[in-house]
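Just so we're on the same page: letters track the sequence lines, and every chain starts at 1. Values in this document were obtained by computation on a predicted structure and should not be read as measured data.
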Amino acid sequence: MQENYDFKISEQKIQQFWEKNKIYKFDPKSKKPIFSIDTPPPTVSGKMHLGHAFSYAQQDFIVRYYRMQQKNIFYPFGTDDNGLATERLIENLKNVKASQMDRQDFINLCLKTLENVRPKYIEDWKRIGTSCDFSIYYTTIDKHCQKISQKSFIDLYKINREYRKNAPAMWCPECQTGISQQECKDKEIASYFNDIVFKVDNEDLIISTTRPELLPACVAIFYHPSDDRYKKYNGKKAKVPLFNLYVPIMPDTRADPNKGTGIVMCCTFGDQTDMEWQRAYNLPIRNAITKDGKMTSLTGKYEGMSIKQARKEIIEDLKNENLLISQKPITHIVNVHERCGTEIEFVESKQWFIKYLDLKKDMLKWGKKLNWNPKHMFSRYEHWVNGLQWDWLISRQRFFGIPFPVWYCSKCEYIILADEKDLPIDPIKDKPKIKKCPKCGNSEFIPEKDVLDTWTTSSLTPQIAASLFPNLYKKLYPMNLRPQAHDIITFWLFTTVVKSQLHNKINPWQDVMISGFVLDPERKKMSKSKGNVIEPQDITNEYGSDALRFWAAGSKLGEDLPYQEKDLVSGKKMIIKLWNASKFSISHLQDYKGNKPKLEILDLWMLTKLSKLIKNSTNSFNNYDFFKPKTETENFFWHIFCDNYLEIVKDRFYNPNNYNKNAKLSAQYTIYTTLLNILKLVAPIMPFITEEIYQDYFVKYEKQKSIHISEWPNLKIENKKAEKIGDLFIEILTKVRQFKTQKQKSLKEEVILTLDKKQMQILKPVLQDLKAATKAKEIKIGNFNIELCL
RNA sequence: GGGCUCGUGGUCUAGUGGCUAUGACAACACCCUUACACGGUGUAGGUCGCAGGUUCGACUCCUGCCGGGCCCACCA
């Protein structure tokens, strides 16, 4: 073995070794039981971030454990690269704007750019030792995924789980595009609360609003049912100022008596509550704003004005007619488009939905059946389901995504679905098979231009991955495990369960493991805007991938972990210690042939402790706990094996004549067994250094060509008598060390040790070891005592 | 505003209804012991977020509050 371990050289070398020897290759022909993992496909974004490194490392601990448990591991890798995130990446990289390009040109640019970006991105995952079979690969925009996603759409339509209807959708008037909740952000904006006079039977009713331009879209007025000030208006109609409109006044608990004047106008569609009211009371719809942010014809003289202009004009007109009581400046938080900062509007358009609101009870049942790790993560799922208010909106007014396999009759809007065997299709490019509309005979068809929401595709990852092996589909799906972080329980996890149940009436996996988040040293979220982002690439360069993984194993599953650079140090030290201890051990195993002699007492003690460690670690891993075995193994290796056992046993190598003739061989057997098993226990956490040591020595004597496909330790040695002797031995040894330290002497210093009768009786069989370990010149019987030699 | 979760020596972290509360890093002292000074042996450092309650007894259970994280909702 080399003098020093250089992770920069070794980690790269080992990674190549794994790839060349296909260590992580899924074997479709194997008879071993399959363990399948629904790997999260990361969104292609250029670079892996630290949160990725953290959670993928944690998954990998578990996967590596099961691989050593001799499971046939199905661990695919995918990338998520359609939808808004990808559009944005391409727009940034190529400095273009999707909305200002030809649609097909933009799509082509995305596809081409992704081809260039992906390989380097995936490298980051390989670099941290993710043991996926990277040859089982999909991207959520590839033909395979498109086909499955479109088929899913068609199947759900056929079982009456999908419908298309007019619905308000969030819209950015600036970018002229529909947007999703994830694309919104909160922005504090200075505005005015305008107290405006409505008339009820010539009486003034003062209503506060920040959006006077929506007066022409006013359809109702609400007050809180317990609000005595306004009860008298119940059932009456109010006249909307400036516009010759009469709207009903009604009680509803969603009106807040403490806000403004406590009475509120409901418009089409000012905000979320307006939409709820519209649905609840079946109110008319009066659209005041067009998709490009202009006032509609409904607004009379304001038609064609921008929202801001109309607001200004209407305020002026209200003033002129003495209908504006006051303007109070306020700052409030509004939803704006993350990208351009424009305030979001709700605009009506035709949207596709998956009908699932009727399934809440079932959803809870499905969720309960999963084996959640940690358990409490289920409550997030539970609360999400209980709070569901809408069906699943699946259409997106976007460019780069999976197209709906749908055309409409230009006359009667009859829905024409693509043929399953033609999938994937693009309705814009492809034509429907039928020539005439079956309903009205028209022969002109319009393609659906919207694309499917990305979650409708990523909610199919188990099926997508499993169907890469059609012959094994039934063995691969449902899968054993879904690993992911807790932020997308309500998206990815939930939608995957829903789809799997809708299609196959079965849960997509048995187990889920949920990772926590990485925070900055102040426990704050890492974000580019705060400038507190730590790049995993810098960590692997500075400390190595094993140290990064060791750090990721340093908190319980599901817990958030504040990043501290110093936490990488212990991983680095662990690597060095493993190397040095192995180097030392192996140097004394050169003449060892693998025989198992009759074992010495202290060796039985060592192996008894090791057996316990193995048992505990195995139990922990079976329960998705990598933290405990990592900590216990580290402690065992460092203190019990290195500081105590190796120190004790040294003398048998240096002075073999002082011991019986088997003593050295017994130590060799014990060192071989203990070190190998420690390496195996550490292997899931630190795959590189353990492989390097395995390759340097053990591979010659062990069956498997890589430690990562070797068998998980299974040692059952329990010798209570040896354990008792060994424990007392360590107790005495510790006392001697304390004594020497207090006397400011070297640990090499010779002493005279006096044991009491009972101690002597117990330690008699290991007296020579004790003499050597304590550097006792002499061991006597008497009152326990340690003294320096004079 | 709601849900879940976390808050333990300077820093990170383990932990249990009841022995002197775990380990790591940092600090300090001593030791160059033929694997490792990126080491070894020790020492010091905590009213276990705050305020109540349950209990013979709580860091551990309950309630409220404060602070962090994630998700959701609100934003007239």
Geometric cation-pi criterion A:Arg482 and A:Trp492, 6.0 Å radius, 45° cone: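 Yes.
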Mark yes or no: A:Lys630 above the aromatic ring of A:Phe550, with NZ or CZ under 6.0 Å from the six-membered ring centre and no more than 45 degrees from the axis.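 Judged by the rule, A:Lys630 and A:Phe550 form a cation-pi pair.
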Within the 4.0 Å heavy-atom criterion, would you say [X] contacts the bases, only the backbone, or no part of the nucleic acid?
| X | value |
| --- | --- |
| A:Lys740 | nothing |
| A:Asn386 | nothing |
| A:Lys524 | sugar-phosphate |
| A:Phe222 | nothing |
| A:Cys642 | base |
| A:Thr273 | sugar-phosphate |
| A:Leu519 | sugar-phosphate |
| A:Arg737 | sugar-phosphate |
| A:Asp274 | nothing |
| A:Ser587 | nothing |
| A:Lys577 | base |

Rounded interatomic separation in angstrom, taking CD from A:Gln742 and C1' from B:C31: 14 Å
Under a 3.5 Å cut-off for both distances, is [N] Watson-Crick or wobble paired, and to whom?
| N | answer |
| --- | --- |
| B:C4 | B:G69 |
| B:C28 | B:G42 |
| B:A58 | none |
| B:C74 | none |
| B:U63 | B:A51 |

On the 0 to 90° scale, with breaks at 30° and 60°, tag the [X]-[Y] ring pair as parallel, tilted or perpendicular.
| X | Y | answer |
| --- | --- | --- |
| A:Tyr672 | A:Phe698 | perpendicular |
| A:Phe222 | A:Tyr281 | tilted |
| A:Phe653 | A:His588 | parallel |
| A:Tyr223 | A:Tyr230 | tilted |

Using the [atom1] atom on both, measure [N] against [M] and round to a whole Å.
| N | M | atom1 | result |
| --- | --- | --- | --- |
| B:G40 | B:C59 | P | 35 Å |
| B:G68 | B:C12 | P | 15 Å |
| B:G18 | B:U11 | C1' | 30 Å |
| B:U13 | B:A24 | C1' | 8 Å |
| B:G9 | B:U47 | C1' | 12 Å |
| B:G10 | B:C66 | C1' | 22 Å |
| B:U43 | B:G52 | C1' | 39 Å |

Can a side chain N or O of A:Tyr654 be found less than 4.0 Å away from OP1 or OP2 on B:A35? yes
Indicate whether OP1 or OP2 belonging to B:C32 is found under 4.0 Å from a side-chain N or O atom of A:Lys748.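 Looking at the OP1 and OP2 atoms of B:C32, neither is under 4.0 Å from any side-chain N or O of A:Lys748.
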How does protein contact run along nucleotides 22-29 of chain B, one letter per nucleotide 5' to 3', with B for base contact, S for sugar-phosphate only, - for none, heavy atoms under 4.0 Å? --SS----
Could you check A:Gly270 against A:Leu561 and say which one's nearest nucleotide on RNA chain B is further toward the 5' end?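 Mapping each residue to its closest nucleotide by heavy atoms, the 5'-most match is A:Leu561.
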Starting at the 5' end of RNA chain B and moving along, which residue's nearest nucleotide shows up first, A:Lys572 or A:Met265?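 The residue mapped nearer the 5' terminus is A:Lys572.
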Criterion side chain to side chain contact (heavy atoms under 4.5 Å, CB included) on A:Asn373 and A:Asp625, from CA distance to verdict: CA-CA 9 Å; A:Asn373 297 283; A:Asp625 182 358; over 6 Å; no
A:Phe61 ring center near A:Phe626 ring center (under 6.0 Å): yes
